[in-house]
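Atoms considered below: every heavy atom in the structure, side chains included; atoms not considered: hydrogens, waters and symmetry mates.
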Amino acid sequence: QLRRKHVAEWRDQLYLMPKMAKQVTVLKNLKFKEVIAANQKLGRPTIDPKTINRYLSALSPFAKWLVANDMVGTPIMVDDMFIKLDRSKPKRLPFSDEQLKALFNSPLFRGALSNSVEHKPGNFSIRDWRYWLPLVALFSGMRLGEIAQLLVDDVQEMDGAWVMHVTTEGDPEKKLKTVGSERVVPIHSELIALGFLDYYTARKQAGSKRLFPEIKPDSRGFMSGVPSKFLNTYLDRISVKTKTLAMHSFRHLFADRLRKAGYLDGEFGFILGHGDRLVRTTGRYGALPQGTVAQRSRLIESVSFKELNLDSLYN
């Protein structure tokens, strides 16, 4: 009895479905239509078109299976029901100079009221993942999940330089976005001056497997969930948060600074874990990765944030 019109009606109703409905206590045990009706009073934000397309994408193979096995009288085509997304505007923008200064002059980096009140000024020094993740992202362009899942053994000395290995090795919970994401990223001298290697040494001496052991996987198994939520909340509390600003904005910023240093996109894509068609094709031949450690270090060191006066954070 299932028809195309039923799928279209379901898709249209999804526009009214609240985000994270299963995690809202009053909505948890309600059925689909009941959730939508209840949210008319609650007014919680609804899922976006990209999420709706993801649901349609999950339904599509089942609809094709129904047709192939003669389960329905009329073919149900889902592929042409996807919502056209506006991709003209970037999802995330780089931090502006003013936003960067506001963040790195905030209590999290200059002195907080307490360990649990990071956004109010005081004399308490926070030096765990909340402090280091934004700084590592600032000076490496690494993805949030790549930083959060680093193991102590992923920090190594190679050819006279300290590097971070972005890899899935060493822990089954580690994930990478693509095969091309696996790489070696030199540690910026600013991070070393700020005490990053001292932090690493402390974790190693403590026998910790993870570089940031306090970070646990979220309900979907991603290491980026907890720190992403924290940073968004923190940016909001210090009045820096905008719709286009998030942890990924550090990655856009790093790419812009590499361009400002005179590099073309094709010259630094590999250091960010990107790979165009040519790189993916030629990358199958030979055994050496792109760029020596020295070349990678030159790329990393070409990015500077002297205007932030981070040397005042040095121990």
Side-chain angles (χ1 to χ4, degrees), residues 89-105 109 131-147 150 154-166 176-178 180-197 231 235 240 242 244-280 282-283 288-314:
K89 297 180 181 179
K91 297 178 184 177
R92 295 287 178 246
L93 293 176
F95 282 87
S96 68
D97 292 345
E98 293 74 18
Q99 290 167 335
L100 271 184
K101 290 176 182 177
L103 173 59
F104 288 105
N105 283 309
F109 300 95
Y131 175 86
W132 285 113
L133 260 66
L135 285 168
V136 174
L138 180 71
F139 285 108
S140 71
M142 290 168 61
R143 299 179 179 92
L144 175 57
E146 293 171 345
I147 305 170
L150 283 171
D154 289 333
V155 179
Q156 300 176 16
E157 192 171 11
M158 178 183 291
D159 295 339
W162 282 94
V163 302
M164 293 173 284
H165 285 256
V166 181
L176 292 180
K177 187 173 182 179
T178 66
S181 298
E182 189 163 317
R183 62 197 187 281
V184 171
V185 181
I187 300 174
H188 199 289
S189 59
E190 284 284 337
L191 283 176
I192 295 175
L194 284 166
F196 183 72
L197 291 183
L231 185 70
L235 291 174
V240 174
T242 66
T244 60
L245 205 63
M247 192 73 180
H248 210 67
S249 297
F250 285 117
R251 193 163 163 81
H252 290 285
L253 176 65
F254 195 81
D256 277 353
R257 289 299 174 102
L258 284 169
R259 295 179 185 113
K260 186 177 180 180
Y263 291 100
L264 301 176
D265 287 20
E267 296 176 293
F268 65 75
F270 71 94
I271 204 71
L272 293 175
H274 288 160
D276 57 26
R277 185 179 303 173
L278 176 62
V279 170
R280 288 197 298 270
T282 58
L288 292 176
Q290 289 191 82
T292 64
V293 173
Q295 290 170 330
R296 290 167 183 256
S297 293
R298 282 195 291 272
L299 279 171
I300 294 292
E301 292 296 329
S302 70
V303 173
S304 174
F305 295 97
K306 296 296 183 183
E307 71 276 14
L308 298 181
N309 193 29
L310 295 177
D311 55 353
S312 61
L313 298 177
Y314 296 170

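- A salt bridge links Glu307 and Arg257; the closest N-O separation between the charged side-chain nitrogens and carboxylate oxygens is under 4.0 Å.
- In this structure, the side chain of Glu301 engages the main chain of Ser189 through a donor-acceptor pair within 3.5 Å.
- A perpendicular orientation is assigned to the rings of Trp132 and Phe196, their planes being inclined by more than 60° (bins at 30° and 60°).
- Annotation: side chain of Leu93 is not in contact with side chain of Thr242 (no heavy-atom distance under 4.5 Å).
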If you apply the rule side-chain contact (heavy atoms from CB on, under 4.5 Å), what do you find for Arg251 with Met142, and how did you get there? CA-CA 6 Å; Arg251 193 163 163 81; Met142 290 168 61; 5.5 Å; no
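- Ring planes of Phe139 and Phe305: perpendicular class, angle over 60° (limits at 30 and 60°).
- In this structure, the side chains of Asp265 and Arg259 come closer than 4.5 Å at one or more pairs of heavy atoms.
- For Arg296 against Pro186, the heavy-atom pair with the smallest separation is CB-CG, 3.5 Å.
- Side chains of Leu310 and Leu135 form a contact here, defined as non-hydrogen atoms less than 4.5 Å apart.
- From Glu190, atom CD reaches atom CD1 of Ile300 across 13.0 Å, with rounding to the nearest 0.5 Å.
- Minimum interatomic distance between Phe254 and Leu138 (heavy atoms only, all atoms of both residues): CD1-O, 3.4 Å.
- Looking at every heavy atom in both residues, Pro94 comes nearest to His252 through CG-CB, 3.8 Å.
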Using the side-chain contact (heavy atoms from CB on, under 4.5 Å) rule, take Asp311 and Asn309 through it: C-alpha gap first, then chi angles, then the decisive distance, then the call. CA-CA 5 Å; Asp311 55 353; Asn309 193 29; 2.6 Å; yes
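- Minimum heavy-atom separation, Ser302 to Leu258: OG-CD2, 3.5 Å.
- When every heavy atom of Leu272 is checked against every heavy atom of Gly141, the shortest pair comes out as CD2-O, 3.7 Å.
- Put simply, CZ on Phe250 and CZ on Phe95 are 4.0 Å apart, with the number rounded to the nearest 0.5 Å.
- With rounding to the nearest 0.5 Å, the separation of CG in Leu308 from CG in Asn105 is 7.5 Å.
- Summarising the geometry, atom CD1 belonging to Ile147 is positioned 5.0 Å from atom CE belonging to Met247; distances are rounded to the nearest 0.5 Å.
- Among residues two or more places apart in sequence or in another chain, the salt bridge (Lys or Arg N to Asp or Glu O under 4.0 Å) test is passed with Glu98 by none.
- Among all heavy-atom pairs drawn from Val155 and Met164, the shortest one is CG2-CG, 4.4 Å.
- With hydrogens and angles ignored, the 3.5 Å screen pairs a side-chain donor or acceptor of Arg183 with a backbone N or O of Ile271.
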Show your working on side-chain contact (heavy atoms from CB on, under 4.5 Å) between Leu100 and Leu253 and close with a plain yes or no. CA-CA 10 Å; Leu100 271 184; Leu253 176 65; 3.5 Å; yes
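- Leu194 is not listed as a side-chain neighbour of Phe109, based on a closest heavy-atom distance of 4.5 Å or more.
- Atoms CE and OG1, from Met158 and Thr292 in turn, are 11.5 Å apart once rounded to the nearest 0.5 Å.
- Applying the salt bridge (Lys or Arg N to Asp or Glu O under 4.0 Å) test to Arg143 and every residue at least two apart in sequence or in another chain returns Glu146.
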Check the pair Val303 / Tyr263 against side-chain contact (heavy atoms from CB on, under 4.5 Å), numbers first and verdict last. CA-CA 11 Å; Val303 173; Tyr263 291 100; over 6 Å; no
